[in-house]
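The block underneath contains the structure these notes are about, expressed in structure tokens.
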There are 2 protein chains.
Amino acid sequence: MSKNALTAAPRKLLDVLDLGECCTPLRRELLEADQAVTLAEAFKALADPVRLQLLNLIATADGGEACACDLVDPVGKSQPTVSHHLKVLREAGLVTGEKRGTWIWYSVVPSRLEDLRRVLART
Amino acid sequence: MSKNALTAAPRKLLDVLDLGECCTPLRRELLEADQAVTLAEAFKALADPVRLQLLNLIATADGGEACACDLVDPVGKSQPTVSHHLKVLREAGLVTGEKRGTWIWYSVVPSRLEDLRRVLART
DNA sequence: ATCCAGCATCGAGATCTGTCAATATTGATC
DNA sequence: GATCAATATTGACAGATCTCGATGCTGGAT
């Protein structure tokens with residue numbers, strides 16, 4: 001079942017909350033329970049210091065991508081732990097990993113971050 | 001010790017990550033471990049379906065504020081549970097509660113949401 | 001084919017979190 | 001005073017989460 005483990009499993013996330021154009025004084029919709037669950041899963045991926053550091057490391061890396069091998073030392077956790085957190089980020093659709101030879105290059109998915117930003121814009 | 005429990009305890013949060021003017025192609029800073037912890041605490045407050053619903057209910061309420069008494073039924077949880085989640089939101093600085101007579105009126109803190117949005121903008 | 005490096009998975013322990021029933025506190029009203 | 005309604009707090013339990021050591025898997029190099 002673990003085929004294609006790297007391209008993540010971007011469960012449909014925030015589409016339910018597509019709020020139309022950017023910066024439009026949008027109509028505030030009531031948040032249904034199931035939508036809230038989906039949204040909360042996305043924010044859960046951001047709710048850990050190690051994952052935030054990983055995201056930051058990847059986002060600020062040269063060329064917009066970072067080798068997984070360069071992510072272990074900076075966060076000060078074990079390799080299995082880092083691997084676990086990268087999986088969480090992948091499954092949340094926040095990053096993607098591309099395997100090249102022996103190692104894996106990670107890059108962020110800007111559109112996913114943008115989705116979450118839009119949600120926070122509704123005040 | 002529980003004096004002034006309503007005005008929340010807005011632990012300094014995202015000031016560490018003040019990125020300067022909006023929409024500036026800002027310099028990407030490395031995220032230190034302690035900063036990541038502070039940030040993660042903020043996102044943790046958003047990482048729960050009930051809290052997202054509460055935030056949404058408050059944000060979309062008439063006049064921008066909602067009575068706590070009107071927040072229990074919509075989320076389908078017990079009163080202590082809702083009270084707990086409102087406390088988490090308060091301590092994260094995402095909402096404030098003002099006591100008027102017997103009940104408490106909650107409103108969101110837009111600047112705090114804006115802070116988190118800025119963090120997600122760094123890609 | 002063998003060996004090694006990069007990464008994932010498994011299993012387990014410790015801690016954190018969401019939830020509720022019961023109870024306490026606070027404030028308005030009688 | 002006593003009483004009631006609105007919130008908060010406590011205590012306890014179940015389930016989720018973070019973490020690591022041990023192990024498995026994969027691909028390149030010898």
Side-chain angles (χ1 to χ4, degrees), chain A residues 1-9 33 36-37 39-54 57-58 65-92 95-106, chain B residues 1-9 33 36-37 40-55 57-58 65-92 95-106:
Chain A
M1 73 177 73
S2 65
K3 57 179 63 173
N4 221 1
L6 289 180
T7 35
V37 169
L39 258 182
E41 284 176 7
F43 281 116
K44 267 179 194 154
L46 295 171
D48 181 273
V50 175
R51 288 197 287 273
L52 285 177
Q53 282 192 92
L54 290 172
L57 286 168
I58 297 170
E65 52 184 12
C67 174
C69 60
D70 293 329
L71 296 176
V72 175
D73 283 359
V75 302
K77 300 291 177 182
S78 72
Q79 179 269 323
T81 295
V82 173
S83 183
H84 161 68
H85 285 302
L86 286 172
K87 183 179 184 180
V88 173
L89 288 173
R90 283 198 317 263
E91 291 182 340
V95 304
T96 51
E98 185 187 350
K99 191 160 194 171
R100 294 186 207 143
T102 310
W103 41 65
I104 300 178
W105 294 88
Y106 280 95
Chain B
M1 73 175 75
S2 66
K3 58 179 58 173
N4 221 1
L6 288 180
T7 35
V37 170
E41 284 176 6
F43 281 116
K44 267 179 196 157
L46 295 172
D48 181 272
V50 175
R51 289 197 287 272
L52 286 177
Q53 284 192 90
L54 290 173
L55 210 50
L57 285 168
I58 297 169
E65 54 184 12
C67 174
C69 60
D70 293 328
L71 297 175
V72 175
D73 284 358
V75 301
K77 300 291 179 183
S78 72
Q79 180 269 321
T81 295
V82 173
S83 183
H84 162 68
H85 286 302
L86 286 172
K87 183 180 184 178
V88 173
L89 288 173
R90 282 197 319 260
E91 291 181 342
V95 305
T96 51
E98 185 187 350
K99 191 160 193 171
R100 294 186 207 143
T102 311
W103 41 65
I104 300 177
W105 293 87
Y106 280 95

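Residue numbers begin at 1 in each chain, while the letters A, B, ... track the order of the sequences. Any value given below was found using the heavy atoms of this structure, including those in side chains, with hydrogens, waters and symmetry copies removed.
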Next on the checklist: Closest approach to the side chain of A/Trp103, judged atom by atom: which nucleotide of C/dT19, C/dG6, D/dT7 is it?
Outcome noted: C/dG6
Checklist entry - Rounding to a whole Å, what distance do you find between A/Lys87:NZ and C/dA8:C1'? => result 8 Å
Checklist entry - Rounded to the nearest 0.5 Å, what separation is found between the CG atom of A/Leu71 and the OG atom of A/Ser83? => result 11.0 Å
Item to check | Reported CD-to-CD1 distance for the pair B/Gln53 and B/Ile58, which is rounded to 0.5 angstrom | outcome: 12.0 Å
So which protein nitrogen or oxygen atoms get under 3.5 Å of nucleotides 20-25 of chain D's nitrogens or oxygens?
unit_1, atom_1, unit_2, atom_2, d
D/dC20, OP2, A/Ser78, N, 3.0
D/dC20, OP2, A/Ser78, OG, 3.0
D/dC20, OP2, A/Thr81, OG1, 2.6

Checklist entry - Yes or no on side chain to side chain contact (heavy atoms under 4.5 Å, CB included) for A/Val75 and A/Leu57, after CA distance, side-chain angles and deciding distance? => result CA-CA 9 Å; A/Val75 302; A/Leu57 286 168; 4.0 Å; yes
Checklist entry - Side chains of A/Leu52 and B/Phe43: closer than 4.5 Å at any heavy-atom pair? => result yes
Write down the protein N/O and nucleotide N/O pairs, taken from nucleotides 25-30 of chain C, whose separation is under 3.5 Å; answer none if there are no such pairs.
none

Item to check | B/Leu86 CG - D/dT7 C1' separation (whole Å) | outcome: 10 Å
Checklist entry - For D/dT7, does either OP1 or OP2 sit under 4.0 Å from a side-chain N or O belonging to B/Arg90? => result no
Item to check | Length of the line joining A/Phe43:CZ and C/dG18:C1', which is rounded to integer Å | outcome: 19 Å
Checklist entry - In whole Å, what is the span from the CG atom of B/Asp48 to the C1' atom of C/dC16? => result 13 Å
Checklist entry - Minimum heavy-atom separation for B/Tyr106 to B/Ala68, with atom names? => result CE1-CB, 3.8 Å
Checklist entry - Of all heavy-atom pairs between A/Ala36 and B/Pro49, which one has the smallest distance, and what is that distance? => result CB-O, 3.5 Å
Checklist entry - Under the side-chain hydrogen bond (donor to acceptor under 3.5 Å, both in side chains) test, which residues partner A/Thr102, sequence neighbours left out? => result none
Checklist entry - Atom CG of A/Leu54 and atom P of D/dC18: how far apart are they, to the nearest Å? => result 12 Å
Checklist outcome for this item: d(A/Leu89 CG, A/Leu46 CG) to nearest 0.5 Å is 7.5 Å
Checklist outcome for this item: salt bridge (Lys or Arg N to Asp or Glu O under 4.0 Å) pairs touching residues 65-85 of chain B, sequence neighbours excluded, are B/Glu65-B/Arg100
Checklist entry - End-to-end bend of the helix from C/dA1-D/dT30 to C/dC30-D/dG1 (five-pair axes, 10° rounding)? => result 10°
Checklist entry - Taking OH from B/Tyr106 and C1' from D/dT7, how many angstroms apart are they, rounded to a whole number? => result 8 Å
Checklist entry - Closer than 4.0 Å, any side-chain N/O of A/Lys44 to the OP1 or OP2 of D/dA16? => result no
Checklist outcome for this item: Residue pairs passing the salt bridge (Lys or Arg N to Asp or Glu O under 4.0 Å) test with at least one member in residues 43-54 of chain A, sequence neighbours excluded, are none
Next on the checklist: Looking at every heavy atom in both A/Cys67 and A/Trp103, which two are closest together, and how far apart are they?
Outcome noted: SG-CB, 3.7 Å
Checklist entry - What is the distance from CD of B/Gln53 to P of C/dG18, rounded to the nearest Å? => result 14 Å
Next on the checklist: Using whole Å, what does the distance between atom P of nucleotide C/dC20 and atom NE2 of B/His85 come to?
Outcome noted: 8 Å
